[in-house]
Amino acid sequence: MELIVNEFNIQQIAESGQSFRWYPVKKGYVVVAFHQVIYLEQEAKKLTLEIIKGDDQIWHSYFDLDQDYNSIMSLLKGQFPYLDQAMVFGSGIRILKQEAYEMMMTFIISANNNIKRITQSILLLSERYGSLLCEYEGVKYYDFPTPEQLRNVSIEDYRACGVGYRDQYLYELIKTINQGHDISSYVSLTDSELKSALLRHKGIGEKVAHCIMLFGYYRINQFPVDTWIKKVLVEKLHANPKALREFIEHHFHEYGGVAQQYLFYYGRFEPKNIS
DNA sequence: GTCCAGGCTCTTT
DNA sequence: AAAGAGCATGGA
């Protein structure tokens with residue numbers, strides 16, 4: 001399947017740190033999401049999707065193709081030279097609409113961790129407890145394990161996947177879900193209700209909750225503040241470090257999550273000799 | 001060896 | 001309310 005896309009760059013999305021299930025293969029990426037697998041390649045505005053497992057129904061939504069990122073950038077433009085540069089540099093970034101439950105597990109693992117090890121842990125969890133989805137170019141791809149598949153996984157088993165001290169948080173979340181706690185009902189909550197519902201789970205604090213809201217529930221007003229972004233806001237946008245939330249609310253309002261992604265990506269990958 | 005990674009929980013002021 | 005210690009683990 002071929003699509004013509006605007007404000008879309010697979011490398012930028014893959015490196016933006018919102019998904020840990022994009023695997024570099026050949027000249028593109030294998031992407032695993034919603035129990036399905038595709039191989040993606042892009043040449044300028046031409047995006048090629050090769051459906052490996054599943055159908056072509058979910059991907060339009062997954063890639064947020066109904067959202068006009070050009071108009072979002074227009075609204076964010078003109079406030080800070082640094083943000084304007086960030087939007088030029090990362091103009092192909094989009095907010096992926098991912099599965100909420102997977103985002104909860106993923107971002108619990110992400111706390112005080114590095115991207116390489118997060119990716120590795122999620123790969124191990126999937127290979128050991130998820131369903132085999134397909135084989136592509138000699139590599140097998142596994143689904144993210146369901147709560148049911150994790151029912152009998154022990155704290156030690158999680159630890160063996162390299163998640164460190166977050167093992168007990170994963171264990172508690174899975175136990176809660178398998179005891180009947182319905183996290184799918186979270187979708188109908190308001191932002192503040194959703195945030196407090198997420199904060200009730202151990203291992204989910206302010207920053208992780210915002211990531212789950214942004215990537216798992218498509219609350220694109222949510223602006224996760226991590227150590228990187230804090231530095232960018234203070235040093236590049238000259239925000240008052242003691243009033244970051246007010247600063248964010250005032251300048252980015254309903255598109256805070258998108259602005260955050262531009263700033264995060266630029267902060268990490270901008271060419272060294274600029275700024 | 002020390003420091004850090006898309007922080008959080010628990011304890012102490 | 002705010003600040004500090006401790007936390008697994010691999011890589012720089």
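The analysis underlying the following values was restricted to heavy atoms, covering all of them including side chains, and did not include hydrogens, waters or symmetry mates. In what follows, every chain begins at residue 1, and chains take the letters A, B, ... in the order their sequences are listed.
- When heavy atoms are screened at a 4.0 angstrom cut-off, Ser121(A) is found touching no nucleic acid atom at all.
- For the residue pair Thr190(A) and Glu193(A), a side-chain donor N or O sits within less than 3.5 Å of a side-chain acceptor on the partner.
- Annotation for His181(A): atom NE2 counts as buried by contact number, over 12 foreign heavy atoms lying within 6.0 Å.
- The nearest whole Å value for the distance from the CG atom in Leu170(A) to the P atom in dC8(B) is 14 Å.
- Atom CD of Glu43(A) is surrounded by 12 or fewer heavy atoms from other residues, nucleotides or ligands within 6.0 Å.
- The CD-P distance, from Glu172(A) to dT9(B), rounds to 12 Å in whole Å.
- Comparing dC4(B) with dA5(C), their P atoms are spaced 15 Å from each other, to the whole Å.
- In this structure, CG of Asn113(A) is placed 15 Å from P of dT9(B), rounded to the nearest angstrom.
- Distance, Tyr158(A) OH to dA8(C) P: 17 Å, rounded to whole Å.
- Of the C1' atoms belonging to dG11(C) and dG1(B), the separation is 14 Å, rounded to the nearest Å.
- To the nearest angstrom, C1' of dG6(B) lies 11 Å from CZ of Arg166(A).
- Contact between the side-chain N/O atoms of Arg117(A) and the OP1/OP2 oxygens of dA5(B) is not found at any separation under 4.0 Å.
- Between dC3(B) and dC7(C), the two C1' atoms lie 15 Å apart (nearest whole Å).
- Ser110(A) has no side-chain polar atom (N or O) that falls below the 4.0 Å cut-off from OP1 or OP2 of dG7(B).
- By the 6.0 Å contact criterion, NZ on Lys242(A) is open, its count of non-hydrogen atoms from other residues, nucleotides or ligands being 12 or less.
- Here the side chain of Phe264(A) is nearest to one of dC7(C), dG6(B), dC8(B), namely dG6(B).
- Between dT11(B) and dA8(C), the distance separating the two P atoms is 15 Å to the nearest Å.
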**Message:** Assess the residue pair Leu194(A) and Tyr217(A) against the criterion (side-chain contact (heavy atoms from CB on, under 4.5 Å)); give the C-alpha distance rounded to whole Å, side-chain angles, the decisive distance to 0.1 Å, and a yes or no.
**Reply:** CA-CA 9 Å; Leu194(A) 174 57; Tyr217(A) 292 92; 3.8 Å; yes
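- Once the 5.5 Å centre distance and the 30° plane angle are applied, the aromatic ring of Phe107(A) is found not to be stacked with the base of dG6(B).
- Backbone-only engagement by Gly203(A) is indicated by non-hydrogen atom pairs under 4.0 Å involving sugar-phosphate atoms exclusively.
- Environment of CG in Asn152(A): sparse, with no more than 12 heavy atoms of neighbouring residues, nucleotides or ligands closer than 6.0 Å.
- Along DNA chain B, the nucleotide nearest to His201(A) and the one nearest to Gln261(A) differ in position, and the one closer to the 5' end is contacted by Gln261(A).
- Among the nucleotides dC8(B), dG11(C), dG6(B), the one closest to any side-chain atom of Lys116(A) is dG11(C).
- Here the side chain of Arg159(A) is nearest to one of dA8(C), dG7(B), dG6(B), namely dA8(C).
- Atom pair Ile155(A):CD1 and dC7(C):C1' shows a separation of 15 Å (rounding to whole Å applied).
- Judged by atom type and distance alone, Tyr165(A) reaches the base of dG7(B) through a side-chain donor-acceptor pair under 3.5 Å.
- Distance from the side chain of Lys202(A) is smallest for dC10(B) among the nucleotides dA8(C), dG6(B), dC10(B).
- What separates CE of Met103(A) from C1' of dG6(B) is a distance of 13 Å, to the nearest Å.
- Separating the CG atom of Asn114(A) from the C1' atom of dG7(B) is a distance of 13 Å, rounded to the nearest angstrom.
- When the nearest nucleotides of DNA chain B are assigned to Ile204(A) and Ile115(A) by heavy-atom distance, the more 5′-ward of the two goes with Ile115(A).
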